[in-house]
Amino acid sequence: MTPDNRKTHWQGVYRTKAADTVSWYQPSPLPSLEMVAASDIDPSARVVDIGAGASSFVDALLDRGFTRITVLDIAEAALDVARARQGARATLVDWTVADVRSWQPGHIYDLWHDRAVFHFLTDATDRAAYKATMTAALPQGGMAILATFAEDGPERCSGLPVRRYSAADLVAELGENFSLVVHKKEKHLTPAGAEQSFTWALFRRDR
Ligand SMILES: C[S@@+](CC[C@H](N)C(=O)[O-])C[C@H]1O[C@@H](n2cnc3c(N)ncnc32)[C@H](O)[C@@H]1O
């Protein structure tokens, strides 16, 4: 899929489907918040949500006093939904329309968060570009939360093929600069009632 096709695909999804009907919708971002707690960061931390979509993770961060938040997605239509939900506090957030593979972070972050984005990168070149962005965004000591479909998870999402990962697969994928802090499996229940197996992993950039 070319970058343009990818953008068109995701714009189409958010323009035509209500945010609470897509398979990845979750009423509350509890698994993310558990990982944030494990990361030991505090509300002064700078956080970026990669491929955030219309997720309520940003709402939860704002509720907890975080104010240095970047919400990034390739689809502006997704950010429009999340931004509209925030009312006046939307101005506290940096809303960034960008492709993670080519995004150049304007500063460094304490926490990188990605739920269900990395697993769409089925080409090694795309994964290398993603990791280059992640490495540019995170200093030594920076934390990263990655959630992907697990080894027993779905093979496709939103009509697109995905790559599935165990925690060990993610460790191998990120390489020696990142160490695994904690990981867990989650059974996500889609709005249609299907169970999807996710791998969640919290990493620290060591060097
Ligand atoms: C399955 S959705 C997950 C959305 C959100 N993270 C959540 O948990 O609800 C995948 C999201 O990644 C975004 N996305 C896909 N490829 C991307 C890319 N290359 N750069 C930035 N965002 C991307 C899509 O627009 C979509 O919002």
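Excluded from the calculations below are hydrogen atoms, water molecules and symmetry mates; all remaining heavy atoms, backbone and side chain alike, are included. Heads up: numbering here begins at 1 and tracks the sequence. Computed from a prediction, not measured in an experiment: that's the story for all the values here. Counting starts at 1 for both ligands and their atoms, in listed order.
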Note to self: Would you call the rings of Trp10 and Trp24 parallel, tilted or perpendicular, taking 30° and 60° as the class edges?
What the structure shows: perpendicular
Checklist line | Taking atom 1 (C) of ligand 1 as the reference point, the nearest protein heavy atom with its distance | finding: Trp24 CD2, 3.4 Å
Next item on the list: Would you kindly specify which portion of Ala98 sits under 4.0 Å from ligand 1, judged on non-hydrogen atoms: side chain, backbone, both or neither?
Entry: backbone
Notebook entry, point to check: Considering Val71, Leu72, Ile74, which one's heavy-atom position lies nearest to atom 17 (C) of ligand 1?
Noted result: Ile74
Item checked: Proximal atoms of ligand 1 relative to Gly53 (non-hydrogen, under 4.0 Å) -> 27 (O)
Margin query: Taking distance alone, with N or O pairs closer than 3.5 Å, would you say Gln26 contacts ligand 1?
Written below: no
Notebook entry, point to check: For Ala52, is the nearest heavy atom under 4.0 Å from an atom of ligand 1?
Noted result: yes
Check: Is the centre of the Trp112 ring less than 6.0 Å from the centre of the Phe118 ring?
Finding: no
Next item on the list: Grab the two heavy atoms, one from Leu138 and one from Ala144, that are nearest each other, plus how far apart they are.
Entry: CD1-CB, 3.9 Å
Check: Where does the angle between the aromatic ring planes of His119 and Phe198 fall among parallel (under 30°), tilted (30 to 60°) and perpendicular (over 60°)?
Finding: tilted
Notebook entry, point to check: Do Asp126 and Arg6 meet the salt-bridge criterion of a basic N to acidic O distance under 4.0 Å?
Noted result: yes
Next item on the list: Identify the protein heavy atom lying closest to atom 15 (C) of ligand 1, giving its residue, its atom name and the separation to 0.1 Å.
Entry: Trp10 NE1, 3.4 Å
Check: Does the His113 side chain pair with the main chain of Ala52, one donor and one acceptor, at a distance under 3.5 Å?
Finding: no
Next item on the list: In plain terms, say whether Glu151 and Lys185 are close enough for a salt bridge, that is, a side-chain N and a carboxylate O under 4.0 Å apart.
Entry: yes
Next item on the list: Quick one: look at Asp99 and ligand 1, take heavy-atom pairs under 4.0 Å, and tell me if it's side chain, backbone, both or neither.
Entry: both
Next item on the list: Report yes if Val117 has an N/O atom closer than 3.5 Å to an N/O atom of ligand 1; otherwise report no.
Entry: no
Margin query: Counting only heavy atoms closer than 4.0 Å, does ligand 1 sit against the backbone of Tyr14, its side chain, both, or neither?
Written below: side chain
Checklist line | atom 10 (C) of ligand 1 - nearest protein heavy atom and its distance | finding: Ala116 O, 3.4 Å
Next item on the list: Identify, by atom number and element, the atoms of ligand 1 in contact range of Arg115, meaning under 4.0 Å from any of its heavy atoms.
Entry: 3 (C), 5 (C), 6 (N), 7 (C), 8 (O), 9 (O)
Notebook entry, point to check: For atom 13 (C) of ligand 1, what is the nearest protein heavy atom, given as residue, atom name and distance?
Noted result: Asp73 OD2, 3.4 Å
Next item on the list: Determine, for Asp152 against Lys187, whether the closest basic-nitrogen to carboxylate-oxygen distance falls under 4.0 angstrom.
Entry: yes
Margin query: Using a strict threshold of under 4.0 Å (side-chain N to carboxylate O), is an ion pair present between Glu186 and Arg115?
Written below: no
Margin query: Is it the case that atom CD in Gln26 sees more than 12 heavy atoms from other parts of the structure closer than 6.0 Å?
Written below: yes
Next item on the list: Using a 4.0 Å heavy-atom cut-off, say whether Ala54 meets ligand 1 through its side chain, its backbone, both or neither.
Entry: neither
Item checked: Closest approach of any protein heavy atom to atom 11 (C) of ligand 1, naming residue and atom -> Gly51 O, 3.5 Å
Check: Can you tell me if Asp42 and Ser44 form a side-chain donor-acceptor pair at under 3.5 Å?
Finding: yes
Next item on the list: State the atoms of ligand 1, each with its element, that fall below the 4.0 Å cut-off from a heavy-atom position in Ser55.
Entry: 7 (C), 9 (O)
Item checked: Within-cut-off N or O pair, Val100 and ligand 1, under 3.5 Å -> yes
